[in-house]
Every structure is written in structure tokens, then in C-alpha cells.
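Shown next, in C-alpha cells, is the structure this report addresses.
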Amino acid sequence: MLRSRPLSPHGVHPNCPWSRWRRFGPLPAPLLWGGAAVLWQVLCPLARLDGAAARLVTGGVFCAVGVCLVLGARRGLLRELHQVREVARAAQQVLLRPLPPRLDGLAVAAGQLSVSREASVGGDLYEAVATPHGVRCVIGDVRGHGIGALGAVAAVLGSFREAAHDEAELGGVLRRLNRAHARHLRERDGAGGPAAEEFVTLLLLEIRPDGTVLVVSCGHPLPYRLGPRGAERLTAGEPLPPLGVFPLPAEPPVHRAGVLAPGEALVLHTDGAEDARDAAGRFFGLRQLLDESAQAAPVPPAALIRRVHTALLRHTGGRLADDVALLVVRDDGRPPQGRPGTLPQPCQTGSARELPYP
């Protein structure tokens, strides 16, 4: 087996001579500036002259050298920052990949706002897949937010993407997710990570070909149904505890939450959407906004997510206290293309994550 040493954080191989100089950090720039000053004093006759003109020329030379060094260092730092952002963006696209615009006749879109402005991924997770059992969706919230929660997000999403196709019952999918989360905590603790006080609130949703909606909630807010009567919260019995808090029952209860009729939509969300407050402490009116959207002309799921994100950022002044994730599934009455379980090609319009702060 061939082994190669990994690249440094700057994208340079450790054996490269230039990488050894990078270890000195900001020292080269002042050293070069000091060396230029010594050479000027020793070799330049103008430096030995007195008078205002000589001092002005000397000051101008040193200012020019200093500006060039600063600009060169700044350019290098900006190049490194751009490379780091490109790597982070690629990793985020793999973790929370854009959803296809349609799944088995249902229009789908999802988006997230992260507390960390430089990241489009935080402690929230979502996914939707078309399976032979129907369209299955997951949305969840890992305790905490930002980069520190990505390990649990990756463990849960990776397990869901496999279990959603393999398990015939929604309860079986939940058991697989619970085992994946528990395994993640054990591996993290064994590697000397932080204490295993990490839990995940989770909502599993299944929409069968006849429109029947099945729900399993583990301490997560239930979705809203948008229909002729406005925005109504689904009712699905007592929720289970979040993953990682208490053991789940051997047979998790799966609740039937009615039928998704043509023209209706389901809005799945994390608690950050309803817990967001403005400067005066007033909560964001998610249900009121969804109710107004249900009464107006139907809009595509991606447009609805952009509307909610815009209103949310306006309400909070762009200062979010928690990550916010939304997933919208709408039955627009169009027949599915292909057999059940066939995935259409992904489309970037299904994501509303790249929404700037106002």
C-alpha cells in the first residue's frame, strides 16, 4: 500500500521547502523590512546625507517597502482563506446536499440558516429520499450549533440515507438512527472528545403513494400542514425522548397524521424558527406567516423557504440565536415521473441556504 503524508492546513505538502517557512507565521515580513532598512543605511549614500529632502526620500522608500510587504502578506492570507472556504463549502454540500426539486410527484425544497455566518451547515439536519415505501423525510436538531455539532449530523444523516431504503417500517429507520448516534458518541468519547451530553431531537416523516402521512417524533416540533384552512399543526400522539437521552422502546410507535391532499404542503422546521426573537424579546410568528402563505396563491416550496428566511432575518435583525432549518414538501397534483423510488436529477433550485444576512 502506498502512503502519502497529508497536506498541511495551508494546502502545502510538509516536505516542500516553502512549507517550512510558513511555520514562522508573520515573522518573514518584518524581517525583510528590517533587512531592507539595514541595507539602505549601509549601501545607499543618500542615507548618510542630512537635510529634509534626504529624510523625505528615506521615509518614502521605507513606506513603499512596508506597503508592498503588507499587501503581499494580505494577498497570501486572502488566497488561503478562499481555499479554506472552498473546502468547507464542498464538505457542506456533501453533508447537506441540495435536494432534488421533485420526489415521486412531490415538490420538495429545504434550506438552513446557521448561527455561524461563514457556514451554511450547523447543528440542524434534514434529508428527503424517494423509496419503494414512499417519500421519507428527516429533520433534526443536534444539541449545540456550528462546527462542533457536525459529527452527530454526519452520523445521523449517513444512517438515514441507508436505512430509509432498507427498512420497511418507519420505526425500523428510527432504531437504526438511534444506534448510529450511540455509536458516534462511543467513538467520540473513546477518542478523548467532550463528555457525551449530546442529544438529537428528530422527526421522521413518511408520505406513502396514496398520500397517507406517518410521523415519528423524538422531542421535535411537529410540522405544519398548509391547506384550505390555513396552517395547522399535525397531531401525532406523544413524542418520544430525543436520541441520546433515554433508551427508545423496542417498537417505537408510528402515528398516522392524515392524508396529504393535492395542493397541500407540509412544512418541517427546527425549534430555532419559532424561538427566534427580536430586540424587544418578541418571538417570530412562524405560524402566522405560514397561515398567510396558505391563504395566498400557492408558491413553490423553495420560494416559501426564501420568504420565511427573509422574514426571520428581518425579525431578528440578522442576529440568530440558534440554527434554523426548513423542509417543505408539497403535493402539487402532478403525477410522479418513473416508478416509485426513482430519484430525479438534483437541482440547485431546491436549496435556499445561500441567503445573505441583511
Side-chain angles (χ1 to χ4, degrees), residues 92 96-103 106-115 117 119-122 124-128 135 137 139-141 145 203 205 207 220-234 260-280 282-334 346-358:
Q92 291 166 351
L96 283 184
R97 58 193 182 190
L99 299 182
R102 298 189 63 78
L103 290 173
L106 301 176
V108 182
Q112 173 164 331
L113 293 176
S114 177
V115 173
R117 295 195 178 190
S120 61
V121 175
D124 292 348
L125 60 96
Y126 59 79
E127 182 62 289
V135 174
C137 308
I139 189 167
D141 186 359
H145 54 259
L203 179 80
L205 186 79
I207 305 175
H220 198 84
L222 292 172
Y224 286 101
R225 184 200 305 270
L226 305 188
R229 294 184 294 181
E232 298 177 320
R233 178 87 71 178
L234 290 185
L260 183 66
E264 295 184 338
L266 295 175
V267 179
L268 289 68
H269 64 90
T270 56
D271 55 5
E274 293 185 310
D275 294 344
R277 305 191 188 197
D278 61 8
R282 294 186 295 264
F283 288 101
F284 177 65
L286 176 63
R287 179 167 185 171
Q288 179 181 358
L289 177 61
L290 294 179
D291 191 69
E292 295 172 355
S293 301
Q295 300 296 337
V299 296
L304 178 59
I305 289 178
R306 287 193 294 268
R307 180 182 299 176
V308 174
H309 281 178
T310 301
L312 182 62
L313 293 174
R314 186 184 302 115
H315 180 80
T316 61
R319 296 180 295 272
L320 296 174
D322 193 7
D323 301 327
V324 177
L326 296 170
L327 194 157
V328 179
V329 182
R330 182 171 181 268
D331 185 352
D332 53 12
R334 294 171 56 184
C347 177
Q348 290 291 340
T349 57
S351 174
R353 272 182 275 146
E354 300 297 330
L355 191 70
Y357 282 77

If we ignore hydrogens and angles and just use 3.5 Å, is the side chain of [X] paired with the main-chain N or O of [Y] as donor and acceptor?
X	Y	answer
R233	L222	yes
D291	A231	yes
D124	V324	yes

Please round to the nearest 0.5 Å and tell me the distance separating atom [atom1] of [X] and atom [atom2] of [Y].
X	Y	atom1	atom2	value
I207	C137	CD1	SG	5.5 Å
F283	E274	CZ	CD	10.0 Å
D331	L266	CG	CG	9.5 Å
F284	L289	CZ	CG	5.0 Å

With a 4.5 Å heavy-atom cut-off, do [X] and [Y] have their side chains touching?
X	Y	result
L125	I139	no
D275	D322	no
L205	L268	yes
V267	P223	no
V308	L290	yes
V108	V328	no

* To do: For L312 and A273, work out which heavy atoms get closest and say how close.
  => CD1-O, 4.1 Å
* Does R330 come within less than 4.0 Å of E264, counting only side-chain N to carboxylate O? -> no
* **Carboxylate-amine/guanidinium proximity below 4.0 Å for E127 and R97** => yes
* **Any donor-acceptor N or O pair under 3.5 Å, side chains S293, R307** => yes
* Compute whether any side-chain donor of one residue and acceptor of the other, for D141 and T270, lie under 3.5 angstrom apart. => no
* Asked: Can the ring centres of Y224 and H269 be said to be less than 6.0 Å apart?
  -> yes
